[in-house]
Peer 1: 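The structure is given below, and queries will be raised subsequently.
Heads up: numbering here begins at 1 and tracks the sequence.
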Amino acid sequence: MSNSTENLQSLGHVVVIDDDPSVRRSLCTMLERAGYEVTLHESATAFLSNPIVPNPAVIVLDMRMPNMTGVALQSQLKTLAQHTPVVFISGDSRPEEIISAMKQGAVDFLLKPFSAQAMIDVIQRAMRLSQQAVLVADKTMLVSDRLKRLTPREMEVCHWMVRGYSNQQIAQIDGGAPATIKLHRARVMEKMAAHSLPELIDMLMGADIPAPQRLASANHPAGVE
């Protein structure tokens with residue numbers, strides 16, 4: 001039986017994929033008692049028939065299963081559940097399988113039989129990674145949505161703003177008036193919901209802001225790269 005909804009929401013979801021019914025039952029009981037919501041699948045194929053993974057979540061994946069190995073499924077998870085950490089369990093795995101799983105980003109590899117505490121510790125660590133990944137993904141989506149509000153002209157001004165260009169310097173590049181650049185700058189800050197230039201720069205760090213079309217022929221102001 002699952003714990004309260006409040007606990008489930010706070011701790012997250014664990015997807016268990018293992019062909020051994022006794023392992024699935026044991027893990028389900030253990031994880032639900034610890035406060036996680038649990039979904040069980042008897043094979044990689046069963047999971048792929050309905051590969052829905054809530055966030056945040058952790059996938060507990062058996063290495064040896066019929067038809068498709070855990071490592072083979074792990075490769076597909078990079079597109080199906082890219083923000084979901086994977087924890088491998090196995091009673092019989094070759095060193096090269098373990099190495100392959102870890103190279104593909106597995107959080108850990110537990111050999112059967114493992115203790116309940118060992119599993120809980122790994123799940124807690126993996127769930128923190130999932131929560132962080134979800135936050136990053138949400139921020140990326142939010143920033144992307146805000147960028148779509150900018151007009152092409154405002155996008156150009158934004159491009160120069162985050163590189164430290166002043167209104168006067170931006171005006172030198174595109175031939176506009178500093179007062180007009182100031183207006184565009186204010187609209188960029190408003191649409192991006194940024195309260196300061198450092199906040200805007202931090203928000204857009206790593207974002208894909210297209211370079212202005214006039215960039216190639218622009219004469220950069222002296223002293224600014």
Side-chain angles (χ1 to χ4, degrees), residues 9-14 51-59 74-87 102-108 122-225:
Q9 290 177 341
S10 64
L11 292 183
H13 197 109
V14 180
I52 298 175
V53 180
N55 284 317
V58 175
I59 294 177
Q74 184 187 20
S75 298
Q76 296 195 38
L77 290 174
K78 291 182 179 180
T79 55
L80 294 173
Q82 56 183 327
H83 303 306
T84 309
V86 175
V87 174
M102 300 307 288
K103 281 185 175 180
Q104 290 193 86
V107 174
D108 212 331
V122 171
I123 293 297
Q124 288 176 340
R125 179 157 52 92
M127 195 64 73
R128 285 194 293 270
L129 294 175
S130 179
Q131 291 166 346
Q132 292 167 3
V134 170
L135 289 175
V136 171
D138 287 347
K139 177 185 175 183
T140 299
M141 184 176 296
L142 177 63
V143 170
S144 177
D145 288 343
R146 290 177 181 175
L147 282 172
K148 292 175 183 176
R149 302 175 191 170
L150 302 184
T151 66
R153 189 72 181 86
E154 290 164 355
M155 187 70 79
E156 288 188 10
V157 172
C158 182
H159 172 90
W160 298 117
M161 286 173 62
V162 297
R163 285 160 176 77
Y165 286 57
S166 67
N167 294 348
Q168 184 68 40
Q169 290 169 329
I170 298 173
Q172 282 183 250
I173 292 174
D174 63 17
T180 303
I181 300 300
K182 182 178 180 180
L183 178 60
H184 287 310
R185 192 183 188 105
R187 287 175 176 168
V188 168
M189 297 294 286
E190 179 182 357
K191 291 182 179 180
M192 295 302 297
H195 299 93
S196 66
L197 182 57
E199 182 180 348
L200 179 67
I201 293 172
D202 179 69
M203 183 187 303
L204 295 177
M205 190 170 297
D208 183 19
I209 305 177
Q213 294 181 354
R214 70 194 80 196
L215 179 61
S217 58
N219 293 318
H220 291 201
V224 180
E225 297 182 358

Peer 1: With a 4.5 Å limit on heavy-atom distance, are the side chains of Val14 and Ile123 in contact?
Peer 2: yes
Peer 1: Hey, what do you get for CG (Leu150) to CD (Glu156), rounding to the nearest 0.5 Å?
Peer 2: 11.5 Å
Peer 1: For Ala57 and Ser130, work out which heavy atoms get closest and say how close.
Peer 2: N-OG, 2.9 Å
Peer 1: Could you tell me if the side chain of Tyr165 sits less than 4.5 Å from the side chain of Val157, heavy atoms only?
Peer 2: no
Peer 1: If we only count heavy atoms from C-beta on, is the Ile170 to Arg185 side-chain gap below 4.5 Å?
Peer 2: yes
Peer 1: Would you call Ile59 and Leu77 a side-chain contact if the rule is heavy atoms closer than 4.5 Å?
Peer 2: yes
Peer 1: Considering non-hydrogen atoms only, spot the tightest contact between Gln168 and Pro178 and give its length.
Peer 2: OE1-CG, 3.5 Å
Peer 1: Going by the rule salt bridge (charged side-chain N to carboxylate O under 4.0 Å, His left out), which residues pair with Lys78 if we only count those two or more places apart in sequence or in a different chain?
Peer 2: none
Peer 1: Who are the salt bridge (charged side-chain N to carboxylate O under 4.0 Å, His left out) partners of Arg125, not counting sequence neighbours?
Peer 2: Asp108
Peer 1: Taking the side chain as every heavy atom from C-beta outward, state whether Ser75 and Gln104 have any pair of such atoms under 4.5 Å apart.
Peer 2: yes
Peer 1: Examine distances only and state if a side-chain atom of Gln169 and a backbone atom of Ser166 form a donor-acceptor pair shorter than 3.5 Å.
Peer 2: yes
Peer 1: Output a table of donor-acceptor pairs, distance under 3.5 Å, between side-chain atoms of residues 135-148 and any protein atom two or more places apart or on a different chain; print 'none' if there are none.
Peer 2:
from	atom 1	to	atom 2	distance (Å)
Thr140	OG1	Val136	O	2.9
Arg146	NH1	Met192	O	3.1

Peer 1: Are His159 and Met155 packed together at the side-chain level, in the sense that at least one heavy-atom pair is separated by less than 4.5 angstrom?
Peer 2: no
Peer 1: Considering residues at least two apart in sequence or located in another chain, which fulfil the side chain to side chain contact (heavy atoms under 4.5 Å, CB included) criterion with Leu183?
Peer 2: Arg187
Peer 1: Please find the pair of heavy atoms, one from Ala106 and one from Gln74, that lie closest to each other, and give the distance.
Peer 2: N-NE2, 3.5 Å
Peer 1: Among residues two or more places apart or on two chains, list those pairs meeting side chain to side chain donor-acceptor pair (under 3.5 Å) that have a residue in residues 190-201.
Peer 2: Glu154-Lys191, His195-Glu199
Peer 1: Dump the intermediate steps for side-chain contact (heavy atoms from CB on, under 4.5 Å) on Met189 and Leu200, then the final yes or no.
Peer 2: CA-CA 7 Å; Met189 297 294 286; Leu200 179 67; 4.0 Å; yes
Peer 1: Which residues pass the side-chain hydrogen bond (donor to acceptor under 3.5 Å, both in side chains) test with Thr180, sequence neighbours left out?
Peer 2: none
Peer 1: Any heavy-atom pair between the side chains of Leu129 and Pro56 that's under 4.5 Å?
Peer 2: no
Peer 1: Would you say the side-chain atoms of Thr84 pair up with the backbone N or O of Val58, donor to acceptor, closer than 3.5 Å?
Peer 2: no
